[in-house]
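Input: a single structure, listed below in structure tokens.
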There are 2 protein chains.
Amino acid sequence: MSSTTGARTGRKHRVREEALAEILRTGRRLLVEEGPGAVTLRAIAREMGMTAPGLYRYYAGHRDLIQALASSLYDELATALAEARDRHPAGEPGRRLREVCRELRRWALDHPREFGLLFAKPDADADTTPGTAAHDSSWRFGGVVLDLMVQLWRNGGVQPPPTTLDPAWAAQLEEVREHLSGEPVPLDGIYVFVACWARLYGAVAVEAFGHLDFALTDPEPLFEHTLDDILTALGATPDANHR
Amino acid sequence: MSSTTGARTGRKHRVREEALAEILRTGRRLLVEEGPGAVTLRAIAREMGMTAPGLYRYYAGHRDLIQALASSLYDELATALAEARDRHPAGEPGRRLREVCRELRRWALDHPREFGLLFAKPDADADTTPGTAAHDSSWRFGGVVLDLMVQLWRNGGVQPPPTTLDPAWAAQLEEVREHLSGEPVPLDGIYVFVACWARLYGAVAVEAFGHLDFALTDPEPLFEHTLDDILTALGATPDANHR
DNA sequence: AGCAATTGCTAACGGTGTTAACTTTCGAGG
DNA sequence: CCTCGAAAGTTAACACCGTTAGCAATTGCT
């Protein structure tokens with residue numbers, strides 16, 4: 001072990017990363033244009049002017065490729081949320097959170113196939129297991145929202161949870177707390193964050209999967225009401241509401 | 001056209017329906033035991049001791065078979081919800097609704113693969129289109145919940161929606177109203193029903209897809225709080241809460 | 001210059017949905 | 001009773017899929 005591993009970013013590495021990215025780009029295009037069933041090794045290779053076995057030089061198999069695609073989508077979503085956050089002043093975390101939630105909904109509705117891949121993972125059990133890139137990416141995605149909740153908590157006004165915390169929860173909530181930047185937050189607060197996160201994510205998913213189509217042509221006002229509820233529970237000042 | 005069409009339920013028809021059912025049963029078993037990718041025409045045929053093309057005598061193809069499976073799962077879920085409803089007195093619609101919601105969550109958690117098939121439909125666009133069996137079945141499933149909300153409304157106490165209704169919604173909400181039994185409900189009420197339905201369905205989906213595993217080992221108390229919120233919005237008497 | 005890693009290929013295996021053409025079975029009408 | 005036709009199932013085949021093995025070519029480092 002001497003030189004090859006140490007060559008920090010040779011041109012070879014660059015071109016290889018470009019290939020990795022192009023594979024993902026092609027796979028995503030197939031996902032968007034033809035549906036999840038069309039993102040196949042052979043189709044990707046065909047689109048790239050090569051053959052399927054060649055892709056094995058870049059990804060260990062179809063499963064790994066899909067996982068890498070999901071991870072990159074998590075990253076893109078996290079970036080979009082962070083940008084939405086930075087478009088508004090840091091002194092108004094309530095408004096920032098509102099805009100981030102809106103951006104999450106917009107992204108899901110604009111990219112339903114991608115959102116479907118992230119929310120309804122193919123065979124489950126691959127996301128929550130730590131160590132995987134998708135696990136980290138999903139944290140990077142949710143962290144944008146959770147961090148804003150932390151700032152909101154610092155401003156005070158977060159409603160305490162309606163019941164006393166089950167002690168069995170404490171351990172895992174501790175783990176969540178470690179992922180949050182800055183000074184520690186009481187577990188009561190973390191519980192409220194998780195509850196709000198669940199409600200937000202659920203509202204977006206139900207709409208993105210078309211489960212409101214039977215009743216509402218445009219569920220946006222409903223989502224805004226949900227947002228009002230969430231921000232109220234987090235003690236956001238009402239003046240930060242409605243743009 | 002004389003006799004064959006008129007033979008109302010000859011033995012031949014019975015055995016055919018039994019075959020149709022066995023195919024679905026086998027497909028479901030594969031779904032549960034091996035995951036969605038394993039429910040394949042050839043595997044089903046293999047399990048049943050026949051060959052794949054033979055299944056085309058019963059279903060027009062893989063797509064149709066999956067759709068029929070989804071439809072039957074909707075039916076089973078609707079039946080489970082109705083049974084949960086009937087286990088409690090008709091005079092307490094608040095309690096009935098609470099138990100039905102609990103049963104929905106329980107069913108989703110006990111049958112995650114089946115729930116995944118229903119919530120994250122393979123390629124979308126097949127569910128909302130009227131005329132399909134899955135469309136009717138999904139109505140039968142949601143109707144159990146919505147009907148209880150109607151009864152709750154009759155008892156009074158449903159909170160009016162936080163804003164005036166967008167007139168564009170009226171048309172589609174009218175359509176929803178026609179699906180509800182009994183005397184007509186004002187559109188304001190229907191809006192609240194849809195909002196509560198969305199929140200319920202979203203909460204169940206987020207948990208069933210494992211998106212709370214990162215923070216909560218047992219999200220049941222969180223679900224109960226959500227239920228409290230929903231029932232409060234519907235004006236259920238608090239004494240009907242918590243078993 | 002030469003060696004070794006990287007990159008891509010072809011060939012092949014088993015599995016998948018789907019179609020076409022064939023056999024077999026079985027129920028009903030004369 | 002016999003026939004005839006619909007129904008149910010078969011085999012063969014096609015195109016596609018993931019994956020592996022083995023081979024050729026290219027590239028980059030010493």
Side-chain angles (χ1 to χ4, degrees), chain A residues 1-24 26-27 29-31 33-70 122-123 126, chain B residues 1-24 26-27 30-31 33-70 117 122-123 126:
Chain A
M1 55 176 78
S2 57
S3 58
T4 48
T5 27
R8 294 206 296 144
T9 310
R11 226 184 81 251
K12 216 170 169 185
H13 291 184
R14 298 222 151 215
V15 50
R16 182 179 170 75
E17 287 194 6
E18 227 309 291
L20 285 164
E22 183 182 351
I23 293 172
L24 260 39
T26 310
R29 192 162 52 74
L30 287 169
L31 171 68
E33 295 175 358
E34 323 249 9
V39 47
T40 184
L41 287 183
R42 290 187 127 109
I44 293 174
R46 204 181 305 132
E47 297 274 321
M48 293 177 61
M50 55 186 293
T51 61
L55 295 179
Y56 280 74
R57 302 290 171 185
Y58 299 95
Y59 294 100
H62 185 259
R63 215 184 162 73
D64 283 50
L65 195 153
I66 297 295
Q67 188 135 332
L69 178 55
D123 275 302
Chain B
M1 54 176 78
S2 57
S3 57
T4 49
T5 30
R8 296 208 295 140
T9 312
R11 226 183 84 251
K12 219 169 169 183
H13 293 183
R14 296 221 152 220
V15 51
R16 178 167 228 282
E17 287 193 6
E18 227 309 290
L20 285 163
E22 184 183 350
I23 293 173
L24 260 38
T26 310
L30 288 169
L31 171 68
E33 293 175 358
E34 323 249 11
V39 46
T40 187
L41 286 183
R42 289 186 127 109
I44 293 175
R46 204 181 304 132
E47 296 275 323
M48 293 177 61
M50 54 186 292
T51 60
L55 294 179
Y56 280 76
R57 301 287 169 186
Y58 300 95
Y59 294 100
H62 185 258
R63 218 186 161 72
D64 283 50
L65 195 154
I66 297 294
Q67 187 136 331
L69 178 56
L117 183 65
D123 275 303

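Below, read A as the first sequence line, B as the second, and so on, with proteins coming before strands; counting in each chain starts at 1. The figures that follow rest on heavy atoms only: side chains count, while hydrogens, waters and symmetry mates do not.
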query: At their closest point, which heavy atom of B:A43 faces which heavy atom of B:A38, and how far apart are they?
result: CB-O, 3.8 Å

field: Which atom of A:E47 lies closest to which atom of A:R29, heavy atoms considered
entry: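 What the structure gives for the nearest pair is OE1-NH2, 2.7 Å.
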
Provide, to the nearest angstrom, the distance between the [atom1] atom belonging to [X] and the [atom2] atom belonging to [N].
X	N	atom1	atom2	value
B:R16	C:dC26	CZ	P	17 Å
B:L55	C:dT19	CG	C1'	14 Å
A:L30	D:dC17	CG	C1'	14 Å
B:I44	C:dT16	CD1	P	11 Å
A:E22	C:dT7	CD	C1'	15 Å
B:I23	C:dG17	CD1	P	13 Å
B:H62	C:dT16	NE2	C1'	9 Å
B:L41	D:dT10	CG	C1'	16 Å

field: Donor-acceptor under 3.5 Å (B:Y58 side chain, B:E17 main chain)
entry: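 Checked: no pair found.
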
- prompt: Quick one: on DNA chain D, does B:M50 or B:R42 contact a more 5' nucleotide (nearest heavy atom)?
  reply: B:M50

field: Most 5' of A:T40 and A:P53 on DNA chain D, judged by nearest nucleotide
entry: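 Its nearest nucleotide being more 5', the pick is A:T40.
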
message: Looking at B:R46, I'd like to know whether one of its side-chain N or O atoms comes within less than 4.0 Å of OP1 or OP2 on C:dT16.
response: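 So the side-chain polar atoms of B:R46 do come within 4.0 Å of the phosphate oxygens OP1 or OP2 of C:dT16, strictly under.
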
message: When you measure from the side-chain N and O atoms of A:R57 to the phosphate of C:dC9, is any distance below 4.0 Å, counting only OP1 and OP2?
response: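 For C:dC9, neither OP1 nor OP2 has a side-chain N or O of A:R57 closer than 4.0 Å.
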
Report which part of the nucleic acid [X] touches: base, sugar-phosphate, or nothing (heavy-atom distance under 4.0 Å, all strands).
X	answer
B:T51	base
B:Y58	sugar-phosphate
B:Y59	nothing

field: Any A:Y59 side-chain heavy atom under 4.5 Å of A:L24 side chain
entry: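 Touching, per the 4.5 Å side-chain cut-off.
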
query: Is any side-chain heavy atom of B:L117 less than 4.5 Å from a side-chain heavy atom of B:V39?
result: no

message: Let me spell it out: for each of B:Y56 and A:G49, pick the nucleotide of DNA chain C with the closest heavy atom. Which residue's pick is nearer the 5' end?
response: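 First, find each residue's nearest nucleotide; the 5'-ward one identifies A:G49.
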
